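Quick notes on the structure that follows.
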Amino acid sequence: PYMCCYARNGRSLAFASEKGYLASINCQKMKVIKESHLKETVRDLTYCHDDRWVVVAQKRYAFMYDHEWAEAHKMSHLEHPNKVEFLPYHFLICAIGRYG
């Protein structure tokens with residue numbers, strides 16, 4: 001199965017497969033911005049602030065990627081996440097996983 005999320009500005013759509021395929025699309029021009037394959041299970045993803053930062057819940061940890069799909073941050077305190085969400089008014093990344 002695939003999961004997807006829109007950026008808050010509505011310009012970009014990021015989607016991922018459970019097998020680790022990631023892509024972002026410019027919805028106005030209908031063009032692929034960037035594609036990547038993580039070679040790890042992806043459970044969820046969400047945009048932060050705008051379409052430059054994406055948080056991905058992977059098999060063991062949550063990771064933050066920039067617009068080039070380069071890993072910017074590993075959130076090792078979020079172990080085995082199932083769902084991630086960004087709260088823009090609080091500047092928080094929330095996650096729920098195996099351990100709550």
Side-chain angles (χ1 to χ4, degrees):
Y2 282 84
M3 63 275 323
C4 66
C5 69
Y6 277 97
R8 293 187 68 207
N9 60 12
R11 179 179 297 171
S12 299
L13 171 73
F15 63 93
S17 73
E18 196 173 272
K19 303 280 186 181
Y21 174 75
L22 290 172
S24 59
I25 296 173
N26 184 328
C27 294
Q28 293 175 337
K29 298 178 182 177
M30 295 307 289
K31 292 190 177 186
V32 176
I33 299 169
K34 195 73 175 171
E35 293 177 299
S36 181
H37 190 74
L38 298 177
K39 300 176 186 156
E40 188 176 347
T41 302
V42 174
R43 295 191 175 123
D44 194 28
L45 78 157
T46 187
Y47 275 110
C48 292
H49 298 294
D50 57 11
D51 54 357
R52 293 182 299 167
W53 298 98
V54 178
V55 177
V56 180
Q58 292 177 225
K59 184 176 183 178
R60 179 106 168 115
Y61 299 112
F63 291 89
M64 183 179 280
Y65 295 96
D66 66 0
H67 65 282
E68 294 289 326
W69 294 119
E71 183 181 317
H73 186 63
K74 174 184 172 184
M75 295 173 229
S76 58
H77 60 283
L78 301 175
E79 292 188 14
H80 304 283
N82 290 328
K83 178 77 177 153
V84 290
E85 191 65 41
F86 178 69
L87 304 175
Y89 299 111
H90 303 285
F91 295 97
L92 290 175
I93 297 169
C94 301
I96 189 74
R98 182 187 301 175
Y99 305 117

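Remember, it's a predicted structure, so these values are computed and weren't measured experimentally. Basis for what follows: all heavy atoms, side chains included, without hydrogens, waters or symmetry-related copies. One-based numbering along the sequence shown.
Both I25 and Y2 are part of a single hydrophobic cluster, where members link through side-chain heavy atoms under 4.5 Å apart. V56 and L78 end up in different hydrophobic clusters when Ile, Leu, Val, Met, Phe, Trp and Tyr side chains are linked at under 4.5 Å.
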Notebook entry, point to check: Please walk me through it: do E68 and K34 pass salt bridge (Lys or Arg N to Asp or Glu O under 4.0 Å)?
Noted result: CA-CA 7 Å; E68 294 289 326; K34 195 73 175 171; 3.5 Å; yes
Checklist line | Audit row: M75, V84, side-chain contact (heavy atoms from CB on, under 4.5 Å) steps and yes/no | finding: CA-CA 12 Å; M75 295 173 229; V84 290; over 6 Å; no
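The minimum heavy-atom distance between G10 and C27, with the atom names listed, is O-CB, 4.2 Å. Shown here for A23 and E35, the closest heavy-atom pair between the two residues is CB-CG, 4.1 Å.
For the pair R8 and Y89, the cation-pi criterion (under 6.0 Å, within 45° of the ring axis) is fulfilled.
Note that NZ of K59 and CD of E18 are 11.0 Å apart. Values are rounded to the nearest 0.5 Å. Taking NE2 of H80 as the reference point, atom CG of N82 lies at 10.0 Å (rounded to 0.5 Å). How far SG of C5 is from CG of D44: 8.0 Å, rounded to the nearest 0.5 Å. Annotation: the span from M64 atom CE to T46 atom OG1 amounts to 10.0 Å, rounded to 0.5 Å. To the nearest 0.5 Å, atoms SG (C4) and OH (Y47) are separated by 10.0 Å. Atoms CG and CG, on D51 and N9 in that order, are 5.0 Å from each other to the nearest 0.5 Å.
Using modelled atom types, no side-chain atom of R11 and backbone atom of N26 make a donor-acceptor pair closer than 3.5 Å.
Annotation: Y6, atom OH; neighbour count of heavy atoms from other residues, nucleotides and ligands within 6.0 Å does not exceed 12.
Under the side chain to side chain contact (heavy atoms under 4.5 Å, CB included) test applied with Q58, the options L45, L38, T41 reduce to a single match, L38.
Side-chain contact between S12 and I33: present, with at least one pair of heavy atoms (C-beta onward) separated by less than 4.5 Å. Looking at D66 and W53, their side chains come closer than 4.5 Å, going by heavy atoms from C-beta outward. Under the 4.5 Å side-chain criterion, counting only non-hydrogen atoms from C-beta, H49 is in contact with F91. No side-chain heavy atom of Y21 sits under 4.5 Å from any side-chain heavy atom of V42. Side-chain contact between L22 and W69: present, with at least one pair of heavy atoms (C-beta onward) separated by less than 4.5 Å.
By the 30° and 60° cut-offs, the orientation of the rings of F63 relative to Y61 is perpendicular.
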